[in-house]
Amino acid sequence: MLEASFTAVLKTILIILLVYFGIKILIRWFGPLILKYFMRKVGKQFQQQFNQQEPFKSQRKEPKVSVDKSSVKNRRSNKKVGEYIDYEEID
């Protein structure tokens, strides 16, 4: 059976930590630049989709809406609203 020496284990741990902190620093420096690039790309795609849909809006016909004011004057109120029911709260 093979046994790992103390220096080999220590060397492996140091390499793992170096890679971890290296990636962490690179992301901190270049993360905002990468995010900015992707946000511009997504913004351009949304702009293209919006520009493609815009001509269809002008082709749609809006329905005509008319309000008949005579029907509002003929409205009658119903005085009988309902029956009052008394109740008690149960503790």
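All figures in this text were calculated on a predicted structure; none of them were measured in a lab.
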Only one of Gln49, Gln47, Gln48 passes side-chain contact (heavy atoms from CB on, under 4.5 Å) with Asn51; say which it is. Gln47
Checking Val19, Ile25, Leu26 against Ile23 for side-chain contact (heavy atoms from CB on, under 4.5 Å), the one that qualifies is Val19
Residue pairs involving residues 12-33 (criterion side-chain hydrogen bond (donor to acceptor under 3.5 Å, both in side chains); sequence neighbours excluded): none
Quick one: list whatever passes side-chain contact (heavy atoms from CB on, under 4.5 Å) with Tyr37, sequence neighbours left out. Lys41
Mind checking the CE-CD1 spacing from Met39 to Ile34? Nearest 0.5 Å is all I need. 14.5 Å
What residues form a side-chain contact (heavy atoms from CB on, under 4.5 Å) with Leu17, not counting sequence neighbours? Ile13, Phe21
Of all heavy-atom pairs between Pro32 and Ile27, which one has the smallest distance, and what is that distance? CD-O, 4.0 Å
